[in-house]
Protein chains: 2
Amino acid sequence: MTRLDVAIAGLGMTETGKVYGRSAADFAAEAVTAAVADAGLGLADVDGLLVNPGIGGGLDLRLAKALGLGDLALAAQVQSFGASAAVMVQTAALAIAAGAADVVACVFADAPLREDRGAGAAYADPTIRRRPGLEGIPAAAGLVGPTPHYALAARRHMDHYGTTSEQFGAVAVSTRAWAARNPRAQMREAITVADHQASRWIVEPLHLLDCCLVSNGAIAVVVTGGERARGGPRPAVHVHGFGQCHPGYTERAGSAFGLVTGAAASGRRAFAMAGVGPSDIDVREIYDCYTYTTLVSLEDYGFCAKGEGGALAESGALGPGGDLPTNTGGGQLSGYYLWGMTPLSEAVLQARGEAGERQVDRHDLLLVSGNGGVLDHHATLVLSPHPRS
Amino acid sequence: MTRLDVAIAGLGMTETGKVYGRSAADFAAEAVTAAVADAGLGLADVDGLLVNPGIGGGLDLRLAKALGLGDLALAAQVQSFGASAAVMVQTAALAIAAGAADVVACVFADAPLREDRGAGAAYADPTIRRRPGLEGIPAAAGLVGPTPHYALAARRHMDHYGTTSEQFGAVAVSTRAWAARNPRAQMREAITVADHQASRWIVEPLHLLDCCLVSNGAIAVVVTGGERARGGPRPAVHVHGFGQCHPGYTERAGSAFGLVTGAAASGRRAFAMAGVGPSDIDVREIYDCYTYTTLVSLEDYGFCAKGEGGALAESGALGPGGDLPTNTGGGQLSGYYLWGMTPLSEAVLQARGEAGERQVDRHDLLLVSGNGGVLDHHATLVLSPHPRS
């Protein structure tokens with residue numbers, strides 16, 4: 001594996017949450033402009049653009065024109081679902097290392113929330129329950145959208161390993177405790193496991209407080225060569241390793257479904273490239289569309305043994321002051337839901353030492369997880385404020 | 001720039017054209033399966049999947065599940081419009097060179113044609129003429145879909161360089177002459193410049209015979225390490241160089257619009273990486289959504305001086321027996337319109353010496369051009385049956 005000297009030099013974040021009246025493309029333009037400025041560069045320095053639309057649509061390469069970008073040496077709209085942020089950073093890193101581009105902006109933007117409809121409306125497909133024939137059977141049973149599939153996965157984990165709903169609750173509680181320290185987080189009021197248990201069912205065994213937010217907004221990062229990034233105004237956040245795994249479990253539902261996710265193999269690949277193991281990681285930023293996902297991903301990465309994610313969460317290790325700080329910005333559960341850019345943005349802030357009240361003291365090596373689709377697409381980054389030695 | 005040892009080891013093509021009753025995903029599954037078999041591999045060997053949907057929709061990473069692919073180390077849906085095929089090959093090549101994946105299938109599929117509607121319907125947006133406010137002005141003037149913008153570009157080329165409609169016609173004629181030798185081509189009947197001139201206007205100055213076909217179907221290629229490809233059943237087609245350019249001209253319409261396309265810079269990058277120049281190229285496969293595009297791209301790549309593309313076409317150099325064989329499968333004008341996979345697939349066949357009656361004798365170095373959007377996105381590949389020395 002090529003040893004890269006590539007780093008994230010800039011981060012741009014818009015307002016997130018119930019921010020109305022702006023399109024995904026509007027948010028994306030603001031985030032890219034902010035990320036480029038954060039890197040101490042101008043839009044004219046950008047020669048690569050990777051864009052990841054969420055599900056609301058409207059974000060594609062027309063963004064280049066909206067920003068007045070020209071003569072790009074790399075440009076694509078990329079969709080690997082929740083793995084996309086890390087996939088874009090990997091693609092940018094490979095192109096930069098090969099000399100095919102110098103300064104690549106990677107952006108996620110979505111605007112699924114509208115004032116005139118419910119929060120989750122854009123994530124439900126109103127036609128799916130009416131599908132004809134055999135497709136109607138799972139739909140009629142409620143298998144509509146991502147939540148029921150994650151509920152099945154969580155249930156299998158509970159059955160197989162004895163994981164409890166209270167242990168999922170412990171993930172929600174520690175994540176919220178971090179959010180309380182993050183001015184950007186949408187949900188900052190402290191919660192208890194009792195609150196989690198009392199929150200309504202979304203799909204059993206998932207309570208409301210097991211499920212992520214839905215947010216409008218955008219986040220962009222600027223990826224460039226290590227030397228250039230180290231000369232910038234912000235601490236360079238170096239890419240030490242990356243890996244993907246797209247396990248395709250739903251076609252092999254009898255085997256690992258619910259028990260092992262793509263984090264296992266994508267983590268192995270990223271650790272191998274970085275030349276480190278889970279015990280070397282100081283800060284974990286895990287794609288947490290559900291509390292279950294945090295828990296199973298921590299196991300898959302090797303932060304505890306398989307089946308011990310629940311006990312780990314209950315131990316308090318994941319929260320502020322714990323030994324394994326995890327989702328230090330409040331994650332997608334309590335912070336903001338901008339797909340893989342949620343964990344990536346918080347990792348950049350922590351790596352730079354810019355996380356304020358929630359800053360983790362030791363932040364030499366950070367893990368970012370991207371989980372997309374129903375337990376399928378997965379990508380991992382290992383980041384560090386230090387160049388690879 | 002890293003010197004790559006990466007090659008195209010397999011090619012898979014479905015039926016193309018007015019093939020009804022199958023979705024883009026159906027076509028894509030067939031093409032990937034065929035490409036993998038063509039490479040002497042099985043689907044279990046595939047550890048990377050890049051998919052490029054056309055405009056009809058329905059192709060995304062669910063294709064992995066449809067094919068039973070698992071544990072993929074690289075996966076994304078990629079959209080850079082007509083540049084996508086070469087962008088996917090570049091992405092695959094970089095990942096393979098870095099050890100991040102071994103066998104990457106890249107597929108384009110689309111099914112815009114339906115029996116119950118006109119051929120071009122999927123490429124027109126029936127709502128666009130009714131757009132409100134200022135957006136309604138260009139729409140009311142007929143600036144709907146790609147053709148009018150290419151017409152404006154072609155008109156500027158004519159005004160500035162004196163290029164004539166008959167010279168565009170010469171491109172149509174030479175491309176059709178190649179198609180006559182390709183059993184896969186949709187339009188094989190010989191045409192003359194007089195036929196071109198007599199064909200109806202689509203948007204002045206573009207006649208019907210200046211415009212590409214619309215096709216259903218799919219094409220896939222399998223990209224892998226050079227050593228592995230050289231051990232396969234087919235001649236390996238090595239990637240010697242690649243480059244992209246996304247000029248963003250429509251925001252700078254007063255300058256190069258219509259006169260110079262992204263081929264100039266993407267070609268320069270690809271030639272530099274391959275260590276060759278235009279005079280070294282034996283076979284040219286140019287994205288020819290319009291005759292104008294062939295002509296201006298040939299100029300931009302340096303196969304003739306700027307403004308002399310028309311004279312070059314009239315000279316007969318581009319057709320069978322000519323000095324600069326171009327679009328030897330009939331291109332998108334007369335062969336099949338599967339975006340950037342049209343030129344790429346023909347380049348692979350020519351490089352392997354498998355082009356039958358239309359085989360070009362000297363095929364040591366081949367150029368593939370991908371042109372997407374209105375004179376904007378551009379990508380170039382330089383390919384060879386020989387490893388890079």
Side-chain angles (χ1 to χ4, degrees), chain A residues 1-4 47-53 60-62 64-81 83-84 87-88 90-91 93-95 97-101 242-252 255 262 265-266 269 272-273 372-373 376-379, chain B residues 1-4 47-53 60-62 64-81 83-84 87-88 90-91 93-95 97-101 242-252 255 262 265-266 269 272-273 372-373 376-379:
Chain A
M1 171 64 78
T2 305
R3 191 166 290 193
L4 303 170
D47 71 348
L49 180 68
L50 299 173
V51 305
N52 171 224
D60 57 30
L61 287 183
R62 285 175 292 182
K65 291 197 181 62
L67 289 167
L69 300 179
D71 298 325
L72 297 177
L74 178 77
Q77 186 201 60
V78 175
Q79 185 60 283
S80 303
F81 306 106
S84 305
V87 167
M88 291 192 293
Q90 174 176 335
T91 302
L94 288 170
F242 49 68
Q244 298 181 35
C245 181
H246 308 261
Y249 283 153
T250 53
E251 288 299 296
R252 290 178 279 163
S255 58
S266 88
R269 289 166 181 149
M273 186 176 171
D376 198 341
H377 309 292
H378 211 290
Chain B
M1 173 63 76
T2 304
R3 191 167 290 193
L4 302 171
D47 71 347
L49 180 67
L50 299 173
V51 305
N52 172 224
D60 58 30
L61 288 183
R62 286 175 292 183
K65 292 197 179 59
L67 289 167
L69 300 178
D71 299 326
L72 297 177
L74 178 76
Q77 186 202 60
V78 175
Q79 185 61 282
S80 302
F81 306 105
S84 305
V87 167
M88 291 193 293
Q90 173 176 336
T91 302
L94 288 170
F242 49 69
Q244 299 181 35
C245 181
H246 308 260
Y249 283 153
T250 53
E251 288 300 298
R252 291 177 278 161
S255 58
S266 89
R269 289 167 181 149
M273 187 176 170
D376 197 341
H377 309 293
H378 212 288

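What you see below is based on every heavy atom in this structure, not just the backbone, and it leaves out hydrogens, waters and symmetry mates. In this text the structure is predicted, and so the values were computed from the model without any measurement. Just so it is clear: chains get the letters A, B, ... in the order the sequence lines come, proteins before strands, and each one is counted from 1.
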Going through the checks in order, is the side-chain contact (heavy atoms from CB on, under 4.5 Å) test met by H246(B) and H378(B)? CA-CA 6 Å; H246(B) 308 260; H378(B) 212 288; over 6 Å; no
I'd like to know whether D376(A) forms a side-chain contact (heavy atoms from CB on, under 4.5 Å) with K65(B), so could you lay out the CA-CA distance, the side-chain angles of the two residues, the decisive distance to 0.1 Å, and finally the verdict. CA-CA 10 Å; D376(A) 198 341; K65(B) 292 197 179 59; 2.3 Å; yes
Checking D47(B) against D71(B) for the side-chain contact (heavy atoms from CB on, under 4.5 Å) test, could you report, in this order, the C-alpha distance in whole Å, the side-chain angles of both residues, the deciding distance, and whether it holds? CA-CA 7 Å; D47(B) 71 347; D71(B) 299 326; over 6 Å; no
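Under the side chain to side chain donor-acceptor pair (under 3.5 Å) criterion, S84(B) pairs with N52(B), Q79(B), not counting sequence neighbours.
Taking 4.5 Å as the limit, every side-chain heavy atom of V87(A) sits out of range of all side-chain heavy atoms of F242(A).
Most heavy-atom pairs under 4.5 Å with chain B, from the set A75(A), G48(A), A76(A): that is A75(A). Interface summary for chain A: among L74(B), T91(B), V78(B), the most heavy-atom pairs under 4.5 angstrom belong to L74(B).
For A83(B), no part lies under 4.5 angstrom from a heavy atom of chain A. Of the two parts of A73(B), the backbone and the side chain both hold a non-hydrogen atom closer than 4.5 Å to a non-hydrogen atom of chain A. Of the two parts of A101(A), neither the backbone nor the side chain holds a non-hydrogen atom closer than 4.5 Å to a non-hydrogen atom of chain B.
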